[in-house]
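Below: the structure, in structure tokens.
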Amino acid sequence: MATTTIPRSRRDAIAKRWQRGRSGYMFLIPWLIGFFALTLGPALASLYLAFTKYDVLTPPVFTGLDNFGYMFFQDYRFRQALQVTFTYVLWSVPLKLGLALLIAIALDKGTRGVDLYRAIFYLPSLIGGSVAIAVLWRQLFDRDGLTDQLLQLLGWPPGTSLLNNPDHALKTLIVLSVWQFGAPMVIFLAGLRQIPQHLHEAARMDGAKTMQRFSRITLPLLAPVIFFNLIMQTIDAFKAFTQAFVVSAGTGGPIDSTLFYTLYLYQEGFAFFRMGYASALAWFLLIIIAAFTALTFLSAKYWVHYDDGR
Amino acid sequence: MTTVAENAGFDPYREARARSKALKQRRDVVRAIIKHIVLILSSIGMLYPLLWLVSSSFKPDTAIFSDFSLIPEAFSFANYVNGWTALRTSFTTFFTNSFFIAALAVIGNLMACSLTAFAFARLEFPLKKLWFTLMLATLMIPYHVTLIPQYILFLNIGWVNTILPLVLPKFLATDAFFVFLMVQFFRGIPRELDEAARMDGCGPWRIYWRIMLPLSVPVMATAAIFSFMWTYDDFLGPLIYLNDINQYTVPLALRTFVDSTGVSAWGQLFAMSTLSLLPVFFFFLFFQRLIIRGVATSAMKR
């Protein structure tokens, strides 16, 4: 931050700094209002509401730890929502990142038509979060849908709806998430381009096999990018909402098999108007995400090395 | 094995070397072909659901689930015509609402986020580090934590069932991601430029308006494109705040379409879904480079 201007007297500098300080805050006014009124204030308010019973119509009633007691010890739908969400995260994120990395490596090293492939693979990421795609997914996996017809070819009875089957409904949403591997792939590709080619050549000279070069050069040098993708994709997966909502018509069904955490939160807050309990759910989600992020950051010490230094 | 350099006289290694080179070349070609076959097949697999959606939107309902082919036997726009007015309110209204909200979101984000980013990137003021850290922290907070109190706030002001709760936050730079993106970009602009301007007596506003903004077209375009696409696709916000069908955005209308019509109107539903994807698709077509670079740089600059 060293300025290259001519040194002035100290007094002058302080005056100047204050003057500039004022204009700094002028520029910051919109953000400051937004931060206090729409982020910090509401976050603290929901922290308070988490310890109350609140139905919007009557003022909130402080109930201590009741919400959390109910959540952890009695609420089976909460447990179901956690289970669905963790299953979703633990399957979709590794599959998505694995596929993204695989395709990125296949596309690296001057494959002809790289731009076209990249565009095709990226397109689903761009539109995958929309209601239109959720609608499409519902039709693909429902009775008479594309999968039904494919399964008939494999000898399944006609009229199979994977979506109405509690054993399979969540899988269709995992597939939908993996289908959108394009965004992390684009990031992997950018990361791969930064790996100096001469490292690979030197290793090849020394007789290193493809797999060796992958595990000794590509993976370590790509670790920061893998780390970034892992954090981003996991947070996104925890927050998944639209697709489960549309595909299950807002119910999280069949029999709560697609009851994502955020969907449950929405139901509690905006369908049953249990705003206090929904706030408790929201804060618990924040804690889960924070805990996960912290764990990943801690683990990074062992597998992510920036630059060359350890 | 074909011998490539059969009469290559004296060098005993030459023949072997040439043969291994030819072998390697052939192996590379075979590999490349296999790779492209795999890539092409997976591209088709990736696009198949989308193509199926588009082609189904041109088929009569009876043919959608009986006809595997992507090219409709009878090509008809009937689904588009009927679907457009299938709900109580026509899609003209829904698209107008969506575009209006998205346009305001773009304007709000560009103005507010660039002001904030300029302050963080170029101005000195007390507590700057603290504010910057807090700004980055908001990137990590899931919006669910603020969702309910925000709703209660807007409910009490009487803004529920207006577009204000969807638009106003953008004018207050609540999208920290864009602030972050712009701070990164502004930091890359040579400081000498604004130092020189300051010498000539330019205040911070002039520097922001006359120097930074004109030099920041790429990042502004990226932010504008993503603002538009994310607002246009947003579902939860409109779901919570808009109750009157005349206020609905396209995603809400589609969802109503799914829930209200029976099994009968798939074709119309597909037609409207296809239309709803077109704006984002065109953005992708025209600004592909900016979008992909935006995605890539968001990760690389940390």
Side-chain angles (χ1 to χ4, degrees), chain A residues 4-5 17 20-21 23-25 27-28 30-31 33-35 38-39 42-43 45-46 49 56 106 111 117-124 126-127 129-132 135-136 138-140 144 146 183 186-187 190 225 228 239 241-242 246 249 262 265 269-270 275 278-279 282-283 285-286 289 293, chain B residues 35 39 43 46-47 49 52-53 65 68 112 115-116 118-119 123-126 128 131 134-135 138 140-142 144-150 152-153 155 169 171-174 179 195 204 229 233 235-236 240 251 254-255 258-259 266 269 273 276-277 280-281 284 288 292 295-296 299-300 302:
Chain A
T4 51
T5 44
R17 208 191 130 131
R20 266 193 266 157
S23 58
Y25 275 99
F27 275 87
L28 222 51
W31 179 79
I33 297 174
F35 177 71
L38 296 176
T39 307
S46 81
L49 288 178
V56 189
T111 305
Y117 287 128
R118 188 177 57 185
I120 291 173
F121 290 135
Y122 180 66
L123 184 62
L126 204 61
I127 56 176
S130 65
V131 171
V135 166
L136 165 65
R138 211 169 129 157
Q139 265 31 267
L140 280 179
D144 293 332
L146 212 56
V186 165
I187 296 172
V225 182
F228 173 85
K239 295 198 292 193
F241 175 78
T242 307
V246 176
T262 52
L265 195 159
F270 296 94
M275 294 285 189
S279 299
W283 268 89
L285 178 66
L286 174 68
I289 292 180
T293 313
Chain B
K35 187 162 94 176
L39 284 173
S43 298
M46 292 288 287
L47 291 185
W52 186 74
L53 172 75
F65 296 109
F68 256 132
L115 284 174
T116 313
F118 180 72
L123 300 174
E124 293 304 323
F125 50 91
K128 177 171 153 177
W131 296 127
L134 286 173
M135 192 276 293
T138 60
M140 290 288 166
I141 297 181
H144 308 85
V145 170
T146 55
L147 186 69
I148 286 163
Q150 270 190 22
I152 295 163
L153 175 72
L155 187 71
F171 284 85
L172 298 174
T174 46
V179 178
E195 294 288 345
M229 294 194 303
D233 270 346
F235 179 62
L236 183 61
I240 288 172
L254 280 181
R255 177 252 174 165
V258 189
D259 293 348
W266 294 136
L269 184 57
S273 297
S276 83
L277 291 174
V280 172
F281 182 73
F284 184 56
Q288 203 208 104
I292 283 181
V295 173
M300 306 312 290
R302 303 218 163 180

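As the structure is a computational prediction, the values presented were derived from the model and not from experiment. Below, read A as the first sequence line, B as the second, and so on, with proteins coming before strands; counting in each chain starts at 1.
- Proximity to chain A (any heavy atom under 4.5 Å) is shown, for B:I292, by both the backbone and the side chain.
- Within the 4.5 angstrom heavy-atom criterion, atoms from both the backbone and the side chain of A:L126 approach chain B.
- Contact count against chain A (heavy-atom pairs under 4.5 Å) is highest for B:L39 among B:L134, B:V179, B:L39.
- Listed here is the closest heavy atom pair of B:P49 and A:L140: CB-CD1, 3.8 Å.
- Although no hydrogens or angles enter the test, the distance criterion places no donor-acceptor pair under 3.5 Å between the side chain of A:S46 and the main chain of B:P149.
- Here the closest heavy-atom approach between residue B:S273 and residue A:A132 is recorded as O-CB, 3.6 Å.
- Proximity to chain B (any heavy atom under 4.5 Å) is shown, for A:F121, by both the backbone and the side chain.
- Within the 4.5 Å cutoff, the side chain of B:F281 has no heavy atoms near those of the A:I127 side chain.
- Closest approach of A:G34 and B:L172 over heavy atoms only: CA-CB, 3.6 Å.
- Here the shortest heavy-atom pairing between A:W31 and B:A173 reads CD1-O, 3.4 Å.
- The structure places OG of A:S130 at 5.0 Å from CG of B:L277, a figure rounded to the nearest 0.5 Å.
- The residue among B:A119, B:P169, B:P251 with the most heavy atom pairs within less than 4.5 Å of chain A is B:P251.
- Taking the six-membered ring for Trp and thresholds of 30 and 60 degrees, A:Y25 and B:W131 have ring planes more than 60 degrees apart, a perpendicular arrangement.
- Looking only at heavy-atom pairs under 4.5 Å with chain A, the residue among B:T138, B:I148, B:L155, B:L147 that has the most is B:I148.
- Across all their heavy atoms, B:S43 and A:Y117 have their closest contact at OG-CD2, 3.6 Å.
- Taking OG of A:S279 as the reference point, atom NE2 of B:H144 lies at 12.5 Å (rounded to 0.5 Å).
- Expressed to the nearest 0.5 Å, how far CD1 of B:I152 lies from CG of A:L49 amounts to 5.0 Å.
- Looking at A:L286, both its backbone and its side chain come within 4.5 Å of chain B, counting heavy atoms on both sides.
- The contact between B:F171 and chain A is made entirely by backbone atoms, counting heavy-atom distances below 4.5 Å.
- The contact between B:M46 and chain A is made by backbone and side chain atoms together, counting heavy-atom distances below 4.5 Å.
- In this structure, the portions of B:Q150 lying under 4.5 Å from any heavy atom of chain A include both its backbone and its side chain.
- Taking CE of B:M135 as the start and OG1 of A:T39 as the end, the distance is 11.5 Å to the nearest 0.5 Å.
- Note: B:V145 leads B:T174, B:V145, B:L47, B:D233 in heavy-atom pairs under 4.5 Å with chain A.
- From A:L123, atom CG reaches atom CZ of B:F284 across 5.5 Å, with rounding to the nearest 0.5 Å.
- Interface remark: of the candidates A:T242, A:V186, A:L38, A:L38 forms the most heavy-atom pairs closer than 4.5 Å to chain B.
- Across all their heavy atoms, B:K35 and A:A106 have their closest contact at NZ-O, 3.0 Å.
- Interface check for chain A: of the options B:L153, B:I141, B:T146, the most heavy-atom pairs under 4.5 Å are formed by B:T146.
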